[in-house]
Structure formats: C-alpha cells, structure tokens
Number of protein chains: 2
Amino acid sequence: MLATAAARSPSVAVDRPPISPRARDDEAAQTMRRVAETLALVADAVPVQRRLLRPGDAVYQAGQRFTHLHLLNAGFVKVVNLSADGRDQIVGLKFRGDWLGFDGIADGVHGCDAVAMDTGEAWSLPYDALVDACAQRPRLMGKLHRAMSRESARDRHSLMSVCTLPADARVAEFLRNWAQSLSGRGLRADQILLRMTRAEIGNYLGLTLETVSRALSRLARERLIEFSDKGRRDIHIRDADALAAFVQLSLAPDLSVLQ
Amino acid sequence: MLATAAARSPSVAVDRPPISPRARDDEAAQTMRRVAETLALVADAVPVQRRLLRPGDAVYQAGQRFTHLHLLNAGFVKVVNLSADGRDQIVGLKFRGDWLGFDGIADGVHGCDAVAMDTGEAWSLPYDALVDACAQRPRLMGKLHRAMSRESARDRHSLMSVCTLPADARVAEFLRNWAQSLSGRGLRADQILLRMTRAEIGNYLGLTLETVSRALSRLARERLIEFSDKGRRDIHIRDADALAAFVQLSLAPDLSVLQ
DNA sequence: CGGGCGTTTGAATCAAATCAATTGGAGTGG
DNA sequence: CCACTCCAATTGATTTGATTCAAACGCCCG
C-alpha cells in the first residue's frame with residue numbers, strides 16, 4: 001500500500017466537481033444510451049461484419065496485422081498481453097459496447113490477444129473505412145475519440161487500484177467494477193457469474209490465486225458477498241454500497257484523525 | 001510477484017515477431033522522425049498557441065473543462081490523478097513529442113493534473129479545430145489515433161511492470177524506460193537527471209520512498225548504475241543492456257530449468 | 001549557524017507469496 | 001452406480017519481501 005503522496009504545490013488547487021451518490025445511476029443510463037447510439041451510428045457508416053464468438057475464440061491475436069476495430073455487441077472478452085518471455089497478463093476485460101483493437105493502431109500490429117470468455121458477438125469494422133467515415137461524420141469521430149479516451153481512463157483507474165489497494169479491497173473493487181459494468185448495460189448487477197478462474201482473477205489483479213480465494217472467503221465471511229448454491233463462481237452482492245465503503249475504508253485506515 | 005499465467009488455449013498460438021536487439025535503435029530513430037513530423041503537420045493545420053512552462057506549472061488540471069490538446073515540445077511533465085478522497089497518484093510521465101490531455105476527451109472534463117517538472121514548452125491546440133483539421137487531412141487523424149493508441153500501450157506496459165516486478169526490478173525498469181525515452185528523442189541516454197523525489201518515484205511505481213531508496217542503493221552496489229558527484233538525483237547508467245537483463249532475470253528466476 | 005527537506009540506513013512488523021495438503025465437482029469409463 | 005482421474009478451489013503453515021517506525025546524515029538556503 002502506498003503511503004506517500006506526490007508532491008503538489010498548493011497553488012494549483014482547483015474546484016473539483018463533487019461526485020454525487022446518484023452519479024452512478026446517471027452513468028448507467030448514459031452508458032446504455034451511448035452504446036446504443038454507437039452501434040446505430042457505426043452500422044450505417046461502414047460495412048460491418050458480424051462475427052459470432054464462442055468461449056476461447058480469439059477476436060484478434062498479438063502479432064496479427066491490424067486491419068479492423070471491433071465492437072463487442074454481446075459477450076465478454078479478456079485482453080491478454082504476452083511479453084517476450086512467454087509470460088502473459090490480463091490487461092483488460094471488455095463488455096457489451098466496448099471497443100476492441102485500439103492497441104493495434106499504434107504500429108499496425110496487435111500487441112495483445114483478445115479472447116472471448118463467453119458466447120457473444122463482435123462487429124468487425126475495417127479501420128480504413130472507419131477513418132474515411134469519420135472524415136465525413138464529425139459525430140462518429142467524436143464517438144471514437146471518446147471511446148479511446150474512456151479506455152485510457154479505465155486503464156488508469158485499474159492501475160490505481162492495483163497499486164494502492166490491499167488484496168481484499170482489490171478483489172472487492174474488482175467485483176464492484178464488474179457489477180458496475182453490468183448495471184451500465186442494463187443488466188442486474190447483484191448477481192455475478194464469474195467466467196474466470198481464481199488464477200485469472202489473480203493474474204488480472206496482481207495477486208496469486210490463493211490470495212484471491214482467501215479474499216473472497218473473507219468477503220463472504222464479512223457478509224459483503226455471498227456464494228450461490230450453484231458454485232463458487234456465482235457471486236451475489238448483497239449491498240454494493242457496503243462493498244464500495246469497504247474499498248474506501250482500506251484507503252483511509254484512520255478517518256478518526258480527520259474529525 | 002505473479003506466479004500464475006492466464007489460461008490460454010494452445011490452439012490460438014501464432015507467430016510473434018521476434019524483438020531483435022537492434023530494434024531499440026530503429027525505434028529511437030522512428031520516434032524522432034515521428035515527433036518532428038507531428039510538430040510540422042500540426043503547425044500548419046490548426047492555430048497553435050505556444051506556452052512556456054516553468055517547474056510546477058499546470059498544463060491543465062482535473063476538473064477543468066477540456067478544450068485543448070497539448071503537444072509537449074520541450075521539458076518534462078507528470079500526470080497526476082487525484083482520487084475523490086484526496087489521495088493522488090502519478091499515472092504518467094511525458095517527454096518531448098508526447099501529447100497531453102487525452103483524458104479529457106471522454107467526458108469533456110479533465111480527470112488529471114498535468115504538471116511541469118522542468119522548464120519547457122507546450123503547444124496548445126483547440127480540440128475542435130483539431131477535429132476539423134483531421135476531417136480534412138487523413139494523415140493528421142492517423143497521427144492522432146496512433147498517438148492515443150501508443151499512450152494506451154505504454155500505460156499497459158507500465159501496468160505490467162507494476163504488477164509483476166519486485167521492487168528492485170521495478171526501479172530498474174523505471175530507469176530503463178526513462179533512458180529509452182531520452183534516446184528516442186535523440187538525447188544521451190546514459191545520464192539521467194531525475195527531477196522527481198524518491199517519494200514521487202515511489203508513488204509512480206507503487207512503492208514507498210524507502211524502498212525506492214534501497215533499490216537504488218542496491219542497483220548502485222551491483223554496479224548497474226552509478227551516482228554522479230553532483231548529487232543522488234543524477235544517475236549514470238553504465239550498461240543499459242545489463243539493466244534490461246536484470247529486469248528479465250527477476251521475471252525468470254530459474255532459467256537453468258529451461259536449459 | 002540552524003532549520004527544513006530529501007535521502008539513507010537499520011530493526012521490527014506485517015501482508016502476501018510460497019509450499020503443501022485437502023476438498024469438491026465435472027467428466028469418463030468400467 | 002461407483003471408482004477413477006483431473007482440475008479448480010480452499011485452507012493451513014511457513015517464508016519472504018516490502019512497509020513501517022525510527023534515527024541519522026547531507027545539503028541548500030535564509
């Protein structure tokens with residue numbers, strides 16, 4: 001856990017928009033609208049090739065030439081980065097409405113694998129055609145840019161979690177993010193069916209599989225989550241706010257000092 | 001340190017382009033050319049507002065409305081993410097030729113502070129004008145997209161380092177990246193003048209300042225780096241390859257098994 | 001000179017990794 | 001149906017590496 005704050009001159013302080021408790025709901029609605037708009041806008045701008053995904057299918061693979069961007073219309077995809085020495089790490093999880101393939105734009109070759117973890121559907125868009133379409137339609141370009149920017153922001157956020165949170169809170173935050181992704185897409189967010197092993201979760205969070213298992217057990221013991229009868233991959237979140245509070249708590253261990 | 005690899009079906013294996021030892025040099029040349037091109041291309045496409053930076057100046061701040069993207073023409077900038085609870089974390093370091101401000105595109109408001117750590121110069125470009133220019137010039141749009149994609153790739157890479165490397169290797173990797181950034185801009189890469197405190201480095205790497213200090217001492221003891229007479233922030237890299245090898249080594253502790 | 005800050009270094013503590021054993025389910029075949 | 005294997009998951013005991021707490025040093029600057 002980090003103790004040290006970056007030095008920051010007090011003179012650059014500025015008003016930060018407060019994050020209201022109901023911002024979450026608005027965000028969910030926004031996300032849904034955005035996804036629908038994107039799908040519609042893209043559909044009549046470029047030739048879309050729909051592609052059915054089965055668990056284990058690769059949407060694209062590291063080393064492949066980059067030709068298409070993809071929109072995930074259904075399902076759930078993990079993005080895996082393989083380093084030169086053969087080690088790999090899950091660097092992103094993608095849900096409905098997310099774009100896939102931005103990593104290939106930089107140098108024309110994909111740097112990651114994108115692997116479906118569930119049946120789903122990807123819309124593949126030829127990048128060149130998309131660029132042309134963007135030149136015609138500023139709104140489409142705006143959407144694309146915002147999607148890329150949002151992806152960065154998310155990466156940044158997950159980086160912060162990984163760096164600053166202790167193991168239990170990291171797992172809690174992982175579940176919270178998952179639930180949020182679900183609710184942002186209009187799905188029920190209190191029931192999560194993990195389609196990943198403990199090892200994969202650990203890989204994603206920078207923990208060992210044993211630590212993930214222990215963390216889940218502790219969260220269950222604290223009654224923050226509940227395992228369903230169906231198995232230990234089916235998790236019920238009784239109280240999302242309590243989960244969020246738990247994460248916050250482990251960031252500020254002694255708030256008694258503040259008051 | 002991670003032990004577990006993500007499950008990956010063997011069927012999706014694909015040829016990965018090998019990273020040759022001279023790829024580094026090519027990349028440096030490429031980077032320089034790219035930076036020069038970008039500066040030129042942008043200059044006559046949109047109204048550029050040059051802005052002198054002094055250490056501590058904010059290029060932009062979290063909470064501000066997003067209006068401009070910035071190109072860093074000289075100097076060195078840290079990007080700081082402040083979370084709701086007041087904690088902050090350095091999420092990026094920017095050098096000459098890097099873009100600044102992508103994080104604001106997503107929702108029209110900046111989510112980070114970008115603070116100069118050195119005298120320098122930023123070129124500020126009105127985003128709207130830039131979008132218009134992109135619609136006219138596909139090459140400019142390509143440049144912009146590639147820059148955004150490259151930023152993601154870098155974030156991803158630093159995420160992996162933070163997740164997988166032990167403290168010493170993390171610091172070594174930090175220095176290696178810094179040196180690479182310098183050489184990519186045509187500057188001498190064997191002499192690094194850190195303009196960050198140990199606390200800031202630790203914040204960036206997910207370590208405490210003491211651990212950073214110890215790691216640097218150990219690297220110096222191993223003769224992988226050398227402190228200059230001028231002070232403990234001035235670091236000489238005697239052998240960049242040895243540094244890289246050190247990082248690799250801590251990923252694969254027992255290569256004896258392989259042979 | 002003395003105070004403040006950044007840095008180094010040591011000793012004790014603690015959280016997560018590692019090592020190891022066991023349990024639980026899903027699938028297979030006798 | 002049961003015995004069997006295989007793999008995921010859990011749980012415990014131990015070790016390790018980073019943090020924490022603490023002290024001291026070097027340095028710049030008023």
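Computed from a prediction, not measured in an experiment: that's the story for all the values here. Heavy atoms only: backbone and side chains are in, while hydrogens, waters and symmetry mates are out. The chains referred to below are lettered A, B, ... by the order of the sequence lines, with proteins before strands, and numbering in each begins at 1.
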Angle between the two end axes of the helix from C:dC1-D:dG30 to C:dA26-D:dT5, five base pairs per end, rounded to 10 degrees? 30°
If only atom types and distance count, is the side chain of A:N203 paired as donor or acceptor with the main-chain N or O of A:D88 below 3.5 Å? yes
In whole angstrom, give the distance that lies between atom CG of B:L207 and atom P of C:dA16. 15 Å
N/O contacts under 3.5 Å, protein versus nucleotides 19-22 of chain C?
{"from": "C:dC19", "atom 1": "N4", "to": "A:E210", "atom 2": "OE2", "distance (Å)": "3.3"}

Sequence neighbours left out, what passes ring-ring contact (aromatic ring centres under 6.0 Å, His included) with B:F95? Give chain and number order. B:F76, B:W178
Holding to side chain to side chain donor-acceptor pair (under 3.5 Å), I want the full list of residues that pass it with B:R51, two or more places apart in sequence or in another chain. none
Phosphate oxygens OP1/OP2 of D:dA8: is one of them under 4.0 Å from a side-chain N or O of A:T197? no
Rounding to an integer number of Å, can you tell me how far B:L165 CG sits from D:dG17 C1'? 14 Å
Inter- and intrachain pairs under salt bridge (charged side-chain N to carboxylate O under 4.0 Å, His left out), touching residues 160-172 of chain A, at least two apart: A:D168-A:R218
Rounded to the Å, how far apart are A:D168 CG and C:dA17 P? 11 Å
Both conditions, 6.0 Å and 45 degrees, for the charged tip of A:R232 above the ring of A:F227: are they met here? yes
B:L216 CG - D:dA18 P separation (whole Å): 14 Å
Measure the distance from CD on A:E200 to C1' on D:dA9 and round it to the nearest whole Å. 14 Å
A:R195: what forms a salt bridge (charged side-chain N to carboxylate O under 4.0 Å, His left out) with it, not counting sequence neighbours? A:D118
note: A:R198, atom CZ; D:dC7, atom C1'; distance rounded to Å ~ 13 Å
Below 4.0 angstrom from OP1 or OP2 of C:dT9, is there any side-chain N or O of B:S217? yes
Among residues at least two apart in sequence or on other chains, which ones pass side-chain contact (heavy atoms from CB on, under 4.5 Å) with A:A153? A:R156
Salt bridge (charged side-chain N to carboxylate O under 4.0 Å, His left out) partners for A:R223, two or more places apart: A:E226
Could you pull out all residues at least two apart from A:D239 that satisfy salt bridge (charged side-chain N to carboxylate O under 4.0 Å, His left out)? none
From C:dA16, D:dT10, C:dT7, nucleotide with atom closest to A:S213 side chain: D:dT10
At less than 4.0 Å, is any side-chain N or O atom of A:T208 found next to OP1 or OP2 of C:dA17? Yes or no. yes
Establish, with yes or no, whether the OP1 or OP2 oxygen of C:dA16 is under 4.0 angstrom from a side-chain nitrogen or oxygen of A:R170. no
Heavy-atom nearest nucleotide on DNA chain C taken for B:F227 and for A:T211; more 5' hit belongs to B:F227
If I take atom CG in residue A:L209 and atom P in nucleotide D:dA8, what distance separates them, rounded to the nearest angstrom? 10 Å
Set of side chain to side chain donor-acceptor pair (under 3.5 Å) partners for A:E222, sequence neighbours left out: none
Dump every N/O contact between nucleotides 25-28 of chain D and the protein below 3.5 Å, one line per pair.
{"from": "D:dC27", "atom 1": "OP1", "to": "B:R232", "atom 2": "NH2", "distance (Å)": "3.3"}

Could you give the CG-to-P distance, from B:D234 to C:dT7, as a whole number of Å? 13 Å
Distance only, no hydrogens: is a donor on one side chain within 3.5 Å (strictly under) of an acceptor on the other, for A:T208 and A:T211? yes
Residues in salt bridge (charged side-chain N to carboxylate O under 4.0 Å, His left out) contact with B:D103, at least two apart in sequence or another chain: none
